[in-house]
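Here the structure comes first, spelled out in structure tokens, and everything after it is commentary.
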Amino acid sequence: MNPARIDRALAILGYLAEHQEGSTLKRLSEDLGLPMSSAHDLLQTLVGLDAVKMLGQRTYGLGPRAVVLALSIVDSVDLRHVSQPYLAELCEEINENTYLAVRSGAGVVYADRHEAGQTLSVVMKLGGQRPLHGSSVGKLMAAHNPDLEQRVLQAARLEQFTPRTLVDRGELLEEFSAIRTRSYSVSDGESVEGILGLATPIVDAAGTVNAAVHVSAPRGRLSADRLPFVVAAMSRAAAQISRQLGAAEDSVPTRDIDEVRAFEERRRGSE
């Protein structure tokens with residue numbers, strides 16, 4: 001398989017990871033700018049490899065082999081092993097599901113999860129890819145990686161998941177800048193209505209952000225009073241993981257409750 005064909009195959013896998021409900025051949029080929037015949041040929045090859053599966057008569061979705069491969073890549077750098085005790089401790093402290101999100105190529109996937117005892121909780125699928133413009137982890141990763149930021153800003157089309165999803169390039173540029181200043185990201189009903197997502201950056205030994213601590217919960221459980229406590233706890237957990245990865249002390253951002261409260265007053269005031 002030549003490099004161009006491999007690139008198209010990876011683009012298809014990335015697209016299906018962002019559309020967990022699946023996609024028709026027509027929609028996929030139009031969104032990716034691929035000829036229908038080429039997209040169909042690649043999809044059939046990927047189905048044969050179990051990287052893509054049929055979700056219905058005309059709908060394609062990610063196959064089990066693609067998910068296993070993504071998690072194997074995460075395991076190879078041992079990030080899950082390093083982060084597990086800190087995510088477990090965070091889960092117990094805030095009583096919310098906690099996640100490890102990692103960059104995977106030009107996207108972001110969930111690589112690990114620790115579940116709390118909440119009756120009503122948001123359970124995100126491991127290996128599922130999150131949109132760079134419409135999720136807290138996606139926006140955080142784009143804000144800290146210029147190539148991903150440009151990928152979002154130069155995209156021909158950005159999907160409007162809910163009425164609150166940011167699709168205006170100017171607004172997204174301001175949002176990425178604000179995330180870098182705050183050192184955390186918020187997605188308030190931008191992926192799923194009524195769900196609030198939070199993400200704090202994990203920094204590696206090279207000073208880059210390729211992973212994050214993530215929490216999602218119904219908006220009512222992350223009120224203006226409680227959110228600063230949760231973000232501050234997430235910030236501490238991300239900093240602890242970063243130090244275990246060899247990040248320099250001055251490259252690890254942390255925010256306390258008062259700092260988050262001040263940032264949130266400004267963020268909510270601008271909405």
Side-chain angles (χ1 to χ4, degrees), residues 7-8 10-34 39 59-62 99 101-110 122 124-125 128-201 209-210 212 214-219 222 227 231 263-264 266-271:
D7 185 63
R8 289 194 292 270
L10 290 174
I12 288 174
L13 292 175
Y15 180 86
L16 292 177
E18 292 181 359
H19 297 78
Q20 295 183 32
E21 75 283 3
S23 176
T24 63
L25 170 63
K26 184 175 185 295
R27 181 183 175 191
L28 182 147
S29 63
E30 288 177 351
D31 286 352
L32 293 179
L34 296 174
T59 305
Y60 296 88
L62 268 191
Y99 293 83
V102 299
R103 176 173 178 173
S104 178
V108 184
V109 301
Y110 292 120
V122 180
M124 312 299 290
K125 183 179 179 181
Q129 190 156 342
R130 306 304 299 145
L132 293 174
H133 70 292
S135 65
S136 61
V137 291
K139 292 191 298 181
L140 181 87
M141 217 66 72
H144 288 282
N145 289 274
D147 62 319
L148 295 183
E149 182 176 36
Q150 287 306 305
R151 184 181 182 88
V152 173
L153 298 176
Q154 296 175 7
R157 174 179 175 271
L158 293 174
E159 187 167 354
Q160 183 94 43
F161 300 104
T162 76
R164 298 176 68 94
T165 307
L166 296 180
V167 294
D168 180 87
R169 275 45 170 195
E171 292 180 353
L172 281 165
L173 192 61
E174 291 181 4
E175 175 74 350
F176 294 149
S177 177
I179 289 169
R180 288 189 289 269
T181 299
R182 291 193 304 258
S183 298
Y184 67 90
S185 173
V186 180
S187 171
D188 190 353
E190 295 164 41
S191 290
V192 180
E193 292 193 59
I195 300 301
L196 198 148
L198 304 168
T200 53
V209 176
N210 287 317
H214 171 70
V215 168
S216 285
R219 186 182 292 120
L222 293 173
L227 187 146
V231 172
F263 278 125
E264 284 303 291
R266 291 197 290 272
R267 186 185 69 84
R268 293 174 188 273
S270 65
E271 290 182 342

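Numbers here are sequence positions counted from 1. The basis for the numbers below is simple: all heavy atoms, side chains too, and nothing from hydrogens, waters or symmetry mates. If you're wondering where the values come from, they're calculated on a predicted model, not measured in any experiment.
For His133 and Phe161, the ring centers are positioned less than 6.0 Å apart.
Looking only at distances, no side-chain donor or acceptor of Thr162 sits under 3.5 Å from a matching main-chain atom of Ser191. Of the possible polar contacts, none joining the Arg267 side chain to the Val186 backbone as a donor-acceptor pair under 3.5 Å is found. In this structure, the side chain of Ser177 does not engage the main chain of Glu174 through any donor-acceptor pair within 3.5 Å. Side-chain N or O atoms of Gln160 include one that pairs as donor or acceptor with a backbone N or O of Thr165 at under 3.5 Å. The backbone N or O of Val209 lies less than 3.5 Å from a partner atom in the side chain of Asn145, making a donor-acceptor pair.
Ring geometry for Phe263 against Tyr184 counts as perpendicular: the plane angle is over 60°, on a 0 to 90° scale with 30° as the lower cut.
The NE2 atom of His214 lies 10.5 Å from the OG1 atom of Thr200; values are rounded to the nearest 0.5 Å. Rounding to the nearest 0.5 Å places CG of Leu140 at 12.0 Å from OG of Ser187. Taking OG from Ser136 and CD from Glu190, the interatomic distance works out to 8.5 Å, rounded to the nearest 0.5 Å. Taking CG of Leu34 as the start and CG of Leu28 as the end, the distance is 7.0 Å to the nearest 0.5 Å. To the nearest 0.5 Å, atom CG of residue Leu16 and atom OG1 of residue Thr59 are 10.5 Å apart.
Across all their heavy atoms, Ser183 and Pro201 have their closest contact at O-CD, 3.2 Å. Considering every non-hydrogen atom in both Leu132 and Arg151, the closest pair reads CD1-CD, 4.1 Å.
Ionic pairing of Arg164 and Glu193 is not present here: no N-O contact between side-chain nitrogen and carboxylate oxygen is shorter than 4.0 angstrom. Using a cutoff of 4.0 Å between basic side-chain nitrogens and carboxylate oxygens, Arg27 and Glu30 are not scored as salt-bridged. A salt bridge does not link Arg268 to Asp188: none of the charged side-chain nitrogens sits closer than 4.0 Å to a carboxylate oxygen.
A heavy-atom distance below 4.5 Å is found between the side chains of Arg103 and Leu148.
Remark: of the listed residues Arg180, Lys139, Arg169, Lys139 is the sole one forming a salt bridge (charged side-chain N to carboxylate O under 4.0 Å, His left out) with Glu175.
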